[in-house]
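Below, chains carry the letters A, B, ... as their sequence lines are ordered, and counting in each starts from 1.
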Amino acid sequence: MQKGSITNRVWYKIRLIAASDHKTACNSGSGKAIVSFLFIMNVRVRFAPSPTGFLHIGGARTALFNWLYARHTGGTFVLRIEDTDAARNTQEATDVILHGLRWLGLDWDEGPASNNPAGPSKGDYGPYFQSQRGEMYKKRVQELKDKGMAYESEGAVKFKMDRNPIVIPDLVVGDVRRELTDREQVDPDFVIIRSDGQPVFHFVNVVDDLDMRITHVIRGEDHLTNTAKHIALFRAFGVEPPKYAHIPLILNPDGSKMSKRDTGASLQSYMDDGSAPEAVVNYLCLLGWSPKENREKLPLEEIVKLFDLPQVLRHNARFDLDKMKWLDGEYLREMNDDRFRELGAQALRRAGFALDKYPADYVKAALTTCKGKIKRFGELGAYAGFYFSDEVKIDPALAEKEFTDEAKARVKKLRAAFEQLPQFVAAELEKALKATAAELGIKAGPLVHPTRLACTGAAAGPSLYHLLEILGRDKVLQRLDIH
RNA sequence: GACCCUAUCGUCUAGUGGUUAGGACACCGCCCUUUCACGGCAGUAGCAGGGGUUCGACUCCCCUUAGGGUCGCCA
């Protein structure tokens, strides 16, 4: 089968027709047959993470692609937690995944309704935590044993693997004919139940996909060659395997595998650095997929419309933090003011600034001057911290450069002018500064730089006149008193 | 060792036999500007190598090379 096969296209078209018929049929009150037809055809995808304590950026993209495909086709997005490794899986680890998905806005139609494995869930195919599905696995093992497809070996249960090459039809990669490796030729059978009674990944993954009626398995390419095992398992159960789509991996900038500790590997780092979730989602879409027509930044609704599996690229992508930051900046610039201030305030509090000591209007005005200037909220502490500190920390190197005796004398003159100002507002401050500069026979620049440094401690920051107004006369005069 | 996937500027990508190989990030220059950012204009930079097929290959086939993945009583 070729990429974007005829089978798939026809199948997809049928679903579309069914969907539109469904609407009319329901409106006329006789859509029963169509509904069951729809039920069979409806796309069901799943994201099946293992709670390891962090959500890998590649995992996040896998979740996103699944979510996009579900939304694009009008299908169902299932979340299943693969917590079979009791030693490793903790409540906190599960929290991290659910929190990450919620942060990204990837809502699931079926799956856990709480973070508790034994807690409630939504959907008809639960439980959605593998730790709660032991009985189902037992039944399936027995089924295989009864069929003579599984047998006990040294306390474990092994599956009788097909000795012949298996062709994996993949929506992204095309047909993949998988031969046995040299080791597999020695013993192609593999363990499905450990000697301690716990089922292993390949087995539970297939059983759950089968029981949950998953129609499309969209996952990382690292699973591609193992898919032969999964197909053999499905066949052993007497059912057709789902359609597969193996998406390329996200690598480090140097092309190496992205592991836990690498920059940007954990979704948490984007939250910590103050990315906008919509920026992360947009960036992730651009890795391994393209909206074409030279488009880079586009709203989610648009992506949902355009996204499809056959167009997913076949080669791995490298993670580019610069481009991520660029998109971050774009989204922060266009964010509505209230949300910008809200997220900005959160970031500053996280960075240790006691915003509550300041009047709400002051905080609001201060944050507003940062809008359109920063790329990520994590920059706010360094960018706008001067608003919320009693002491201004000035870089000694910059001080030496800007605070020359000449500059100090000029600033002193400016300070006197500011002191006399009837109204301490941006427009007046600007007039006063320019007038002072004129009196001194210099341009505004040489006066602006030391003033900014004295008041903010940095060479770059929000609009000077506005920041002075917000800071207020007392603080400004105090900070301009350079020694 | 075996098996599998992949290969367009530094990076993400458009491109499906005939293009001056397009865009974005990054970088560089200029303009704008109180700083920074934004914006505007311009620029540097790419089809991994070798064989075929063809009138003609970035595009199709093979080989090499390189990168990635898998072969677990981890997921």
Side-chain angles (χ1 to χ4, degrees), chain A residues 48-52 59 82-85 87-89 130 153-158 165 168 170 172-174 176-188 190-202 204-205 220-229 246 248-251 253-257 283 286-297 313-327 329-330 332-333 370-375 379 383 429-430 433-434 437 443-449 451-453 456 458-467:
Chain A
S50 176
T52 57
E82 306 220 334
D83 58 344
T84 53
D85 190 349
R88 205 161 71 179
N89 303 142
Q130 287 187 332
S153 168
E154 296 177 40
V157 178
K158 292 180 87 173
I168 304 159
D170 191 285
V172 172
V173 186
V176 176
R177 184 186 158 90
R178 172 69 215 287
E179 308 268 354
L180 294 180
T181 68
D182 52 358
R183 284 174 212 199
E184 286 167 338
Q185 273 169 5
V186 175
D187 177 16
F190 57 93
V191 170
I192 53 175
I193 304 290
R194 295 190 283 224
S195 50
D196 67 1
Q198 286 300 308
V200 304
F201 165 75
H202 297 301
V204 292
N205 192 266
E221 200 211 73
D222 49 341
H223 289 292
L224 180 58
T225 50
N226 277 152
T227 301
K229 290 179 182 171
H246 287 91
L249 304 179
I250 300 176
L251 272 24
D254 68 356
S256 61
K257 188 181 180 178
Y283 177 70
L286 263 23
L287 259 27
W289 178 79
S290 169
K292 316 224 171 149
E293 298 174 337
N294 295 334
R295 303 228 278 156
E296 309 280 338
K297 177 175 179 291
L313 269 337
R314 306 208 251 296
H315 61 268
N316 295 338
R318 298 181 190 204
F319 179 80
D320 182 6
L321 189 59
D322 281 329
K323 190 153 183 177
M324 173 74 254
K325 284 183 182 169
W326 167 71
L327 265 174
E330 294 294 305
L332 255 61
R333 182 170 302 111
C370 302
K371 181 92 185 290
K373 302 286 198 162
I374 55 164
K375 290 185 192 297
E379 298 163 25
Y383 195 80
L429 287 158
E430 180 168 2
L433 186 140
K434 286 186 171 161
K443 285 180 146 187
L447 202 46
V448 162
H449 294 292
T451 303
R452 169 183 295 284
L453 188 61
T456 71
S463 161
L464 180 65
Y465 309 115
H466 292 90
L467 123 213

Close N or O pairs between protein and nucleotides 4-10 of chain B (under 3.5 Å):
{"from": "C5(B)", "atom 1": "O2'", "to": "Glu221(A)", "atom 2": "OE2", "distance (Å)": "3.0"}
{"from": "U6(B)", "atom 1": "OP1", "to": "Arg314(A)", "atom 2": "NE", "distance (Å)": "3.2"}

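In this model, the phosphate group of G72(B) is not approached by any side-chain N or O of Arg194(A) to a distance below 4.0 Å at OP1 or OP2. Phosphate contact (OP1/OP2 of A37(B), side-chain N/O of Lys371(A), threshold under 4.0 Å): absent. Put simply, Asn226(A) has a side-chain N or O that comes within less than 4.0 Å of OP1 or OP2 on C71(B). Within the 4.0 Å cut-off from OP1 or OP2 of A75(B), at least one side-chain nitrogen or oxygen of Thr84(A) is found.
Figure legend: Lys229(A) and Phe190(A) shown as a cation-pi pair, the cationic atom lying under 6.0 angstrom from the six-membered ring centre and within 45 degrees of its axis.
Comparing Ala444(A) and Trp289(A) against RNA chain B, the residue whose closest nucleotide sits nearer the 5' end is Trp289(A). Map Pro462(A) and Asp196(A) each onto its nearest nucleotide of RNA chain B; the residue landing nearer the 5' end is Pro462(A).
Residues forming a side chain to side chain contact (heavy atoms under 4.5 Å, CB included) with Glu296(A) (at least two apart in sequence, or on another chain): Leu286(A), Lys323(A), Trp326(A). Partners of Asp322(A) according to the side chain to side chain contact (heavy atoms under 4.5 Å, CB included) rule, which considers only residues two or more places apart in sequence or in another chain, are Asp320(A).
Comparing C32(B) with U59(B), their P atoms are spaced 47 Å from each other, to the whole Å. Comparing G43(B) with G23(B), their C1' atoms sit 16 Å apart, to the nearest whole Å. Taking the C1' atoms as reference points, U53(B) lies 43 Å from C28(B), given to the whole Å.
The side chain of Arg452(A) approaches U35(B) more closely than any other nucleotide in the set U35(B), A75(B), C73(B). Among the nucleotides A24(B), A2(B), U34(B), the one closest to any side-chain atom of Trp326(A) is A24(B).
Contacts of Gly461(A) with the nucleic acid, taken as non-hydrogen atoms under 4.0 Å apart, include base atoms.
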